[in-house]
Colleague: 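Got a structure for you, questions after.
Chain A is the first sequence line, chain B the second, and so forth, proteins listed ahead of strands; every chain is numbered from 1.
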Amino acid sequence: MRAYLDAVAAGYPSTSPALVYLLGMLAFGALVVFVFILPVAGITSWVERRVWARIQSRIGPNRVGPGGFLQWLADGLKNLLKEDVIPAAVDVPMFRLAPYVVVAGFCAAFVALPFAGSLIIADLNIGILYISAITSLVVIGILMAGWSSNNKWSMLGGIRSATQIICYEIPVGLSIFPAVLLSGTLSMQGIVAAQGWAPTSWHMFHSPFAFVAFVMFFVGALAEGNRTPFDLPEADSELVAGFATEYSGMRSLLFFLAEWGNLYVIGVLVSTLFMGGWQVPHFTDNAVVLTVAQFATMFLKAYFWVFVAMWVRATLPRVRVDQFMTLCWKYMVPIGLVNVIGAATVMVLLPDGSIVLRLIMVTVAVAILVQFARRVLFHLHRADYGRLGRIGEGAA
Amino acid sequence: MNTAAIQQLLHERFGSGVGPVESARLSDAVEVDPLSVDEIALFLRDQPDLAFDCLNNLSGTDRPARGKIQVTYELFSYVHRHAFVLKVDARRDRPQVKTVENVWPAANWLEREVYDLLGVVFLGHSDLRRLLLPDDWIGYPLRKDYVEAPEYHGISTVRESILALPERR
Amino acid sequence: MSLLNTVPEMVLTTKVDQLLNWTRKSSLWYMLFGLACCAIEMMQTGGPRADLDRFGMAPRATPRVSDLMIVAGTLTLKMALRTKVLYEQMPDPKYVLSMGSCSNCGGLFQLAYSVCDGVDKVIPVDVYVPGCPPRPEALTEGLMLLQKKMMQERWLVREPRPRAGAARA
Amino acid sequence: MSLELEFDDGREVFATEEMTLNMGPQHPSTHGVLRFIIRADGEVMRSAKADVGYLHRSIEKIAEKVGWHGFMPYTDRVDYVAAMTTNQAWAIAAEALGGVTVPRRGEYCRVIAAELGRICSHLLAAGAMGMDIGAITPFTHAVRERELINDLLEELCGARLTFNYMRIGGVAWDLPPGFDAKVLRFLNHFEPYVDELDDLLSNNKIYIERLANVAVVSRERAIAYCLVGPNLRASGVRYDIRKHLPYSVYPEFDFEVPIGTGRHGSVGDCWDRYIVRLDEMRQSARILRQALEGLPEGPVIAKVPRNYKPAAGEVHVHVETPRGDQSWYVVADGTEYPYRVHIRTGSFAAMSIIEELSRGLMVADLVALIASFDIVAPEVDR
C-alpha cells in the first residue's frame, strides 16, 4: 500500500505527496467499507432474520435472491432511495451528523481487527485499548441522535445509551485485563499470537478467572452492541424505536448498519481475546492458503458468537434500565476486580500455566455443552412437532 | 341478604329518601334519592352485614317517556357473596347525581362514561371529563333523541355508496 | 428530470425503474398500525403460518421508516385525525393497504355514530382487502397485489403515479 | 432536564423538571389504540393518565338499532380476542329475558367453544406479555398454537376470529363429525406446550425480575376498583363466575380456580397475573376434556321465533370471559329492539386502576403492567 502510494506520488511530481497519501488512504478506506464492511453488516442482517425466523418456527426472507440472500441489498437500496425526512423541529446539523458519527465509530474499529496473520489494516501496539475507545464514538452518535431529534422517546433512548456506556465500559475493561495480562501486550496480533490453535491454549481456558472474564466480556459486549437483553436504547416495545424514532431512509439504515456491523466486531473481539483468534495449525507453507485458512477460522469463530448473540436476542426478555445498572455496578464490577487479582495470582503461581488445569477447564466446558444439547433434544422430543401440522387437517 | 331486607334496613336508616322495592321482571331494585346516593352507598359499604365492597356495574338509561335518566348501580359483596341493585332517577333536563367515587374508586371511570354518553353530571366527581368520545364532541349519543352530526373535523360521517344502506334510526 | 422527460421511454430507464421497483417491493416495511379485530389477523399473518417475513416485509414501530401502512380495523373519528398525522409522517414513496370491511367502508359499523366510514376519506388507499376480518391468505394476496402495482410504477420518466384505479384483492 | 429555580424568599434550589410523554395511540405495546399521557421524572413516572376511546365503536347504541338476533355479530367485536364468551353473554341475557331454555347439547357446544376461545385468548396474553418485555419468540410460538385453535373453531363455525357461533336459544351449528377427536388431539399436544412455555418464559430469570413485585394490587384495591377475572384472582381472591355464580353447564365440570400466590414476589404482582392465566389454560383444557366426554345427544338449538320479542324487563348477566366477569345490563321494553345494553368489561375496570398503579413505576414497567392486565382496546371502548 505504502509502496504503491509512493510510486504514484513519484509519477506525479507536481502533486504534493501528502495529498496523494490522503486521497489514497480515503480511496482504500472506502474500498474496505464497500467491499467488506457493508456486505458483512448486510449479510449479518439477513442471517439474523433467518435465524430468528427458524427459532420462531417461521421461514424468514426467502424471496430475494437464493434463499433470500440478497435481502440486505434490497433493504439498502430501498432505504437509499427513500425520502429523507428532516422534521421541522430538529436540531438540523446535529441530526444530520449523528448517523455518520455512529458509522464512523464502528468502521474505525475495523482498523485494528486481526482477520488473519497478515490481514490487519494497522496492528496498533495499543490495539484493544484503541478499539474499546473508538467504539464509544457510537454512543456519542446515539446520544446526538437522541438529543437532536426533539422527540422525547428519542431522548430517553439517547440518555439510556449514555447510562449504558457508563455501566458496561468498566466491567468490559476489567474483563479485558486477564487476556492482556496473559498475553503481555495490548496489540491485537500479539494477543492472538500468545494463544495457539488448540482449545487448551486459549486464554478462555487458562484458569477459572479467565473463563469468568470471558463470560463477562461477552455480556458486556452484548450491551455494547445494544443487543437483547440489553437493547435498552432502542427498546422496541417501550420507546417506539428509541434514538432512531425520527430517522427515515438511509439515515435510519446507518444505525442498523452499525448495529449489525458491531455484532461482527463483537464476535471478532471475543474470538481474539479468548478463543485464539485466527490461529490454525501450520499445515502448509503456502502463505496464501494459510492466510485464507486463518481468515476462514476467524470468520467462523466470529460468526459463532454472532449466532449466539442472535440466539440470545430471540430468547431472552429485556432487562430494565435500573436492573442493568445494578447488574453492572453491584455484580460485574466487583467480580471483575476480584477476577483481575485472581488471574494475576494464577499467573504468579503458575507462570507457564498448567496443562492439567486447562484440560479440566476444557472438560467442564464440553460437559456443559453436552448437557445443554441434551436439554435441547429433550425439548424437541417433548414438543413432538411432527404431529403439529396434522391436527386441524382432514378427517379424524 | 335479599333486596327486601336491605330495603328495610335502608328505609329505617334514611327514611323517605329510599323508595320501595321495584320488582322488574328478573331483577329487583331499590330506588333512592339522587342527591343522597353517596351516603346510602357509604352505608351499604360499611355496614358489616351488608359489606358491598364492589361496585360491579354502573349504567345509565335514558327514559324520555318519563323525562328521566335512570342510573343503575349494581353492587356486589365479596364478603357475603350477595348482590344488590340501586337505582336513581335524574331529571332529564338537568341530570344531577351525587358521585360515589369516594366510596368505590371503580365509579370514577364508570361515572365518566355515563357523563360522556348520557350527560349525567355527577356532583363532586374529581375528574368529570369525556371518557370515550373526543373532548370537542357535541351531544350525548346514548340519549334516545340524539341526532348524529353530519361531519366531524371535515370528515363526513355518511358513507356515499351506491348500495342502499339501512336507514339510521 | 426535464431532460429525462424529453427522452422517450427507453430500455435503460425501464430497466432502472424495474430495479428500483424491485428493491421497493422486496423490502416493504409495514407500520404496526393495528386498530381493531384485523390487527389480530395481521399478527397471525406475520406469525409462523403465513410468515410475511418471507417477502422481506418487517413490522416497524415508527412511521418514519415504514413504506406501507396497513390500516387494520375500524377507524373511529377520534383516531382518523391521528391516522392522517401518521400518514404524513411516513416518507415517500408510501403505500396504504386498507384491511377489512371497517377500514374499506365502515363495514358493520356504518350504523355507528363515532366511526369514520372508510379510511379513504382521510388518506389515499392503494389496495383494499375485503373481509371481516380478512384471512391471512387474503392479506397476503393483497400485499402481493400491491407488489404487482409497485412493479408498474415509473420513476425516471415523470408521469402521474397510478394512484387512481386502486386494485382490489 | 434540570433548571435553577428561585423561590420567593431568594433561596435557589436545583430542581428537576417533569417531562410529559405521550404514549400512543399508535405505539407498539399499547395493544391496539390506547393512549397514555405520562408525567415522568426521567424514567420514573409520576402518573400515567389513560386516554381511551380511540376504538369507541358505539356498540351499545347499535344494539338499540339492530334487534336481538342482529346484535350477535357485534358482540364478537366487543372482545375480538375471545369472541365466544361475549357471544355467550349476549345469548344468556337475551334468553333470560325471553325465557328460552337451551338444549343440553347446545350448552355443551357453547362450553367447548368458549373454553377453546379462552385458551386462545390467554395464549395471546402470555405471548404479548413476553413481547412487551422484549422476548419475541414466545409470541410467535403462541401465535403458532393459536392457529391450531383457529383451525378447530373455523371448522366449527367458519370463522377464525369473529365467530358469530352462538344464537339465542343455542348454537348455530352442531359439532362437525370427528370434531371431538381433533380437539382431544389438540389437547394432547397443547398441555405439554404449556409446560414448554413455562420453561421458555415463566421461569426465566430476567422475566421474573421484570415482573415480580411490580405494580402490586392488593386484595382490597382490586375489589374496590372492581378488577375481575384473572386480575382479581391474581390478587388472591378466589372468585370465578363459572364456579361461584354458575351459568350454563359449568357446575357439572370439575375444575380449580387458580389464584395468585406471590411465588416470586408479593401476591398481586404482574408475574402472578401472568401465571394465573397460564394455569387457567390448563384448567380450560381440563374442562374441555370433561365436556367432550360427557357430550349429550340431542338438538343444539331451541325453537326461537325469528321475530324475537322478549317481554319488558331488565336483567344483569355475569359471564366469565378471559378478561374476567363481563357484566351485562340489558333492558327490554317488549319490542323487537333492546331498549338499553350496557357492558362493563374486565379491561375497562383494569384500565381505570392504571393511573393509581403507575405512580413510581418506570416507563418500562408501564408496558409490563398493561400487558399483565391483558387489556384489549375494544373491550375498554366498546
Side-chain angles (χ1 to χ4, degrees), chain B residues 57-64 69-71 92 95 108-121 127-169, chain C residues 33-39 69 71-89 96 98-125 127-134 163-166 168-169:
Chain B
N57 200 348
L58 190 157
S59 26
T61 314
D62 186 22
R63 297 193 187 270
I69 291 178
Q70 196 172 50
V71 180
R92 197 155 181 279
N108 188 327
W109 273 42
L110 288 164
E111 283 177 355
R112 273 179 72 186
E113 188 197 344
V114 173
Y115 166 74
D116 187 359
L117 301 178
L118 282 149
V120 179
V121 175
D127 185 24
L128 202 62
R129 290 178 294 125
R130 282 198 183 268
L131 180 70
L132 299 173
L133 291 168
D135 290 330
D136 53 358
W137 194 268
I138 296 162
Y140 301 106
L142 276 187
R143 290 199 182 183
K144 295 288 175 186
D145 53 1
Y146 174 72
V147 185
E148 202 175 317
E151 65 161 38
Y152 173 75
H153 282 272
I155 306 165
S156 95
T157 53
V158 189
R159 179 83 192 173
E160 306 79 12
S161 168
I162 51 166
L163 300 169
L165 288 176
E167 201 175 319
R168 280 148 198 267
R169 226 162 61 106
Chain C
F33 194 57
L35 292 170
C37 326
C38 296
M69 181 193 242
V71 184
T74 318
L75 191 74
T76 57
L77 290 169
K78 198 174 178 181
M79 194 67 199
L81 307 174
R82 270 79 177 177
T83 306
K84 200 166 181 179
V85 173
L86 284 170
Y87 179 73
E88 280 158 4
Q89 282 178 342
V96 176
S98 160
M99 178 186 180
S101 312
C102 292
S103 60
N104 290 348
C105 65
L108 272 176
F109 293 98
Q110 289 193 351
L111 290 169
Y113 52 81
S114 58
V115 170
C116 175
D117 302 336
V119 68
D120 48 6
K121 287 189 172 181
V122 193
I123 52 176
V125 176
V127 176
Y128 296 89
V129 181
C132 191
R163 270 271 186 233
R168 193 169 278 272

Colleague: Looking at every heavy atom in both Lys78(C) and Pro134(B), which two are closest together, and how far apart are they?
Modeller: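 For Lys78(C) and Pro134(B), the tightest heavy-atom pair comes out as CG-CG, 3.8 Å.
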
Colleague: Do you know which of Leu81(C), Val115(C), Thr76(C) has the most heavy-atom pairs under 4.5 Å to chain B?
Modeller: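 With the most close heavy-atom pairs to chain B, the winner is Leu81(C).
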
Colleague: Find the distance between OH (Tyr113(C)) and CG (Leu117(B)) and round it off to the nearest 0.5 Å.
Modeller: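 Between Tyr113(C) OH and Leu117(B) CG, I get 5.0 Å after rounding to 0.5 Å.
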
Colleague: Please report the interatomic distance OH(Tyr152(B)) to SG(Cys116(C)), rounded to the nearest 0.5 Å.
Modeller: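 These two atoms lie 11.5 Å from each other.
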
Colleague: Measuring heavy-atom distances to chain C, does Leu132(B) have an atom under 4.5 Å in its side chain, in its backbone, in both, or in neither?
Modeller: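 For Leu132(B), the contact with chain C is made by the backbone alone.
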
